[in-house]
Amino acid sequence: MPQSWYFQSCETVPNYTLETGALIELNSGTETGIFAIMTIDDEFAECMLLTNSLTISDVKVMQQFESVKVLHNRLQPSHYLQLHYDDDHLRHA
């Protein structure tokens, strides 16, 4: 089930293709975490947390490699990706 309500909406869309393996960020309002897209369709993306942990509410903390399904309007461009983009490396991740 999608869990978009944990994350902030985003007005800035990534300037790269949103596909399996792409890095994005999700902002819980408290913290921002780096995620990899595992699956994506026209409405939702299932994303795996790459950051060690991410506080998403007062009582919920995601741990590294946990996944969450969110609406596309929650997917923020990855600042890490902008600094370290290597398309060939992402395809082998």
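Scope of the values below: all heavy atoms of this structure, side chains included, with no hydrogens, waters or symmetry mates.
Between the side chain of H72 and the backbone N or O of D41 there is at least one donor-acceptor pair closer than 3.5 Å.
Shortest non-hydrogen contact noted between Q76 and Q8 is NE2-O, 4.2 Å. F7 and M62 get closest at one heavy-atom pair: CZ-SD, 4.3 Å.
In this structure, OG on S57 lies 11.0 Å from CH2 on W5, to the nearest 0.5 angstrom. Within the model, atoms CD1 of I40 and CG of L18 stand 5.0 Å from one another, a figure rounded to the nearest 0.5 Å. Between atom OH of residue Y6 and atom OG1 of residue T30 there is a gap of 12.5 Å, rounded to the nearest 0.5 Å. Atom CD of residue Q3 and atom CG of residue L26 lie 11.5 Å apart, to the nearest 0.5 angstrom. The OG atom of S9 lies 8.5 Å from the CG atom of L71; values are rounded to the nearest 0.5 Å. Between the CD atom in E66 and the CZ atom in F35 there is a gap of 9.5 Å [rounded to 0.5 Å].
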Which donor-acceptor pairs under 3.5 Å do side chains of residues 43-56 form with protein atoms, sequence neighbours excluded?
residue : atom : partner : partner atom : Å
E46     : OE2  : S67     : OG           : 3.2
T51     : OG1  : I34     : N            : 2.8

